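Here the structure is a predicted model, which means the values were calculated and not measured. So that the names make sense, note that chain A is the first sequence line, chain B the second, and so on, each numbered from 1.
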Amino acid sequence: MASVNSLRCLVRPAMAPRIQPIMLAAASFSTSTVLAAAAPPAIKSRRDLPAKQKKTYKKRANLAPVRKPNPGERKAFRKRIQLSNNSALSVEGLGALEANSMAQDENAGKVFSIPDHVVDQLRALEAFKTTQSWNLFRRPHVLLRKETVELMKKLETSVDKKEAVKCVLTGSKLSGKSMTMLQAMAYALLNNWVVFHVPEGQDLTNGNTEYSPIPDTEPMQFAQPVYCLKLIQNLYRANRAVLEKLQLQKDWSRFTNLKQGATLADLALSAKEAEYAWPTLQALWTELTLPGRPPVLFALDGLAHINKVSEYRDPSFKEVHAHELSLVRTFVDALSGKTPLPNGGAIIGATSENNSQHHPSQELVLTQLEAGQAGRRVPKPNPYERKYDERVYEALKNSWVLRVDGVSKEEARSLMEYWGASGLVRNVLNSRTVSEKWTVGGHGIVGEMERATLLQMRM
Amino acid sequence: MTTLTNGLRQLRCSSQLARAQWRQPVLARSSFQFGIRSLTTESSTPEQPAFPESSPVSVPFQGVKHARAVPVTPSYFSREPQFNDLYIRISRLLTKYHHLPTLPASETPQTPWVKLDEMRSKLGEPVKASHFAKVMRVAKRLNLIEPSLFPQEVKVALDDFKRDINPFSNVPSVGVVDKHGRAVGVGKRKESTARAWVVEGNGEVQINGKTLSQAFGRVHDRESAIWALQATERLDKYNVWALVEGGGTTGQAEALTLAVAKALIIHEPALKTALRKAGCITRDPRTVERKKHGHVKARKMPAWVKR
């Protein structure tokens with residue numbers, strides 16, 4: 001056979017050669033380069049054989065190098081606010097919040113959407129919290145509950161009476177205190193008020209922001225320039241339309257070079273650096289509390305943190321009471337009625353149940369105020385308690401305590417119907433299931449109902 | 001049974017029982033004998049009796065009634081004398097009261113009959129199972145007698161065949177809804193004990209004065225606390241006021257499940273089956289296993305050391 005083949009090499013092929021597969025340069029479906037598809041180099045000697053590799057069973061320290069998050073990236077992820085979710089169904093047929101609709105009794109127990117421009121303003125004010133589950137829904141909606149309407153009515157009358165509402169929101173955990181405050185801010189923004197908002201009272205007193213003594217103050221007060229600058233910027237972004245219409249009435253040439261006829265927006269913008277942030281903020285506050293200005297809403301969350309001794313120290317290393325911090329003092333003076341707001345408006349502080357420590361004096365004042373409002377017997381201070389703080393009493397004694405607790409079953413029903421319309425509730429929604437969730441949520445605590453209904457893995 | 005029968009052999013002839021047990025002089029027949037040959041050579045005139053009529057037969061030993069020592073009980077020579085006696089006693093009662101009307105077996109009250117082992121240990125005799133079964137048949141037959149006509153002595157006799165403790169009398173007390181409309185239930189799980197007062201209402205729950213969400217952090221615990229109401233779709237029909245103590249959160253929540261279910265049954269007894277299916281009736285007996293000596297915990301052994 002071999003001889004036949006070798007002969008075949010020499011002679012002309014008598015018969016057709018064997019059919020070889022022909023590689024056609026047709027349209028290739030692979031997008032990889034030709035090189036990659038090329039055959040490996042031919043092995044011609046032993047040297048071309050792939051070297052035998054020693055097998056190691058040790059784990060290599062860093063097999064696939066993972067990109068570490070940059071500084072601040074993790075925090076940004078943690079703190080990000082997601083206000084919409086494209087997977088959720090959009091809910092049709094719900095009205096939007098309007099300037100005058102929030103204070104009407106017939107709207108209590110209904111769900112409203114927040115208009116887009118207000119959403120932007122609220123976002124600028126950091127009114128949305130990470131703990132609130134906005135990210136489950138297509139658009140931000142709020143339940144207008146009875147307590148909210150009550151508060152809105154007070155806000156409405158405050159403008160007429162030219163007297164500020166001094167309100168403390170309290171209530172159990174996850175009951176919607178911050179949400180009520182957000183609604184108050186939405187009301188204020190819709191009605192062209194100027195809104196100041198301190199999203200966390202804790203940030204002011206836990207010593208994490210810079211502070212500097214204010215000259216010529218006795219006892220020494222402290223400004224928090226960086227925080228004030230941030231507050232001014234937030235204020236400008238949220239209230240720009242209102243501030244641009246307001247002309248300066250006083251002379252602030254001490255630290256700005258604003259021309260005659262500048263607006264409050266210019267004043268806010270003039271604070272470029274932290275150095276003049278506090279004087280600028282003070283100037284803004286003073287301008288806004290002049291008669292004839294729009295009403296002001298000053299909201300602060302986490303009241304317990306600004307009613308205690310802060311983490312800051314004065315030059316003689318004595319502890320600084322939080323009320324000696326100028327920004328806190330502005331709030332507290334307004335809350336106690338020391339600085340009147342001649343245009344009406346509101347000062348709202350919200351307590352926090354999750355992020356607060358035991359604060360006997362604040363608790364005492366709030367229970368006393370609440371008992372007084374309800375006409376009950378006012379509780380006496382505990383004679384064995386030494387840590388009562390007179391300044392806290394002075395700060396809170398004129399305020400009106402609004403207890404925010406569980407929603408009623410009708411309110412729970414309309415809220416759950418909104419959840420169902422967003423496609424988040426699997427089972428049938430009837431009065432029985434609503435009542436179940438109402439009970440499981442501790443008599444209608446909205447956050448607990450949300451936990452039991454929306455945040456459970458029920459497959 | 002053979003021993004038993006042997007023991008009772010003497011009873012076969014009833015006349016024997018009535019007679020004294022020693023040998024008695026056969027009554028002399030009347031001497032009027034026809035055609036009976038007599039071997040005596042003497043004339044067959046009426047004789048004088050051998051003993052004078054006036055003096056009765058004098059027994060050789062004073063105060064002794066028996067010619068030989070007769071056992072007190074006829075079952076003396078049997079292997080199980082006491083058991084035999086019981087049998088004799090009730091079988092006599094059966095012959096005596098055989099005629100009394102009886103109830104069908106299904107209608108007689110439940111009786112805690114003694115078990116074979118108990119009988120053995122009670123009497124200290126090696127009672128055979130088959131004998132025991134036969135005796136129990138008689139006892140059960142006697143127990144069928146119509147209660148209004150039940151003779152006292154049968155009652156007394158049957159007490160020997162009953163257990164000392166009547167487990168059938170140990171029935172749980174039936175709860176009642178009190179004048180305020182409350183029904184109380186008690187439940188336990190692990191180390192926790194819960195008492196729940198359930199009233200008709202609109203679905204409010206208070207546990208140790210706190211709402212459900214304040215009392216339990218986990219949603220699962222909250223749901224298991226009110227699972228009895230949720231499973232029967234009664235959550236919006238009742239209010240619960242409960243006290244729990246001991247144990248951890250899971251134990252407290254599951255103790256509440258039982259307590260609420262028991263209180264709910266008082267309101268609606270028909271729900272018992274549904275609640276049993278929901279797992280709210282049975283007490284979970286699992287508790288912490290005890291620590292053993294030589295072990296670090298219940299099962300864990302100390303680490304092995306070479307030397």
Seminar exercise, completed: Output for pair (A:E448 CD, B:R222 CZ), nearest 0.5 Å, gives 4.0 Å
Problem set entry | More than 12 heavy atoms of other groups within 6.0 Å of B:K115 NZ | no
For this session: Output yes when a side-chain donor or acceptor of A:H443 lies under 3.5 Å from a complementary backbone atom of B:L212, and no otherwise.
Result: no
For this session: Return yes when atom CD of B:E118 has more than 12 non-hydrogen atoms of other residues, nucleotides or ligands closer than 6.0 Å, and no otherwise.
Result: yes
For this session: Can you establish whether the number of heavy atoms outside B:E245 located under 6.0 Å from its atom CD is more than 12?
Result: no
Problem set entry | Which portion of A:T433 sits near chain B, non-hydrogen atoms under 4.5 angstrom | neither
For this session: Nearest 0.5 Å please: distance from the OG atom of B:S213 over to the NZ atom of A:K173.
Result: 9.0 Å
Exercise. What's the shortest heavy-atom distance between A:R451 and B:G217, and which atoms?
Worked result: NH2-O, 2.9 Å
Exercise. What part of B:E204 is in contact with chain A, defined as an atom under 4.5 angstrom from a non-hydrogen atom: side chain, backbone, both or neither?
Worked result: both
For this session: Tell me, yes or no, whether the heavy-atom count around A:K79 atom NZ, taken from other residues, nucleotides or ligands under 6.0 Å, exceeds 12.
Result: no
For this session: Count the heavy atoms of every other residue, nucleotide or ligand shown that sit under 6.0 Å from CZ of A:R74, and state whether that count exceeds 12.
Result: no
For this session: State the NZ-CG distance between A:K409 and B:D236, to the nearest 0.5 angstrom.
Result: 6.0 Å
Problem set entry | Atom pair OG (A:S435) and CD (B:E233), whose distance is rounded to the nearest 0.5 Å | 12.0 Å
Problem set entry | Spacing of CG belonging to B:L229 relative to OG1 belonging to A:T439, to within rounding of 0.5 Å | 9.0 Å
Exercise. When you look at CG of B:D164, are more than 12 heavy atoms from neighbouring residues, nucleotides or ligands closer to it than 6.0 Å?
Worked result: no
Exercise. Counting heavy atoms not belonging to A:K129, are there more than 12 under 6.0 Å from its NZ?
Worked result: yes
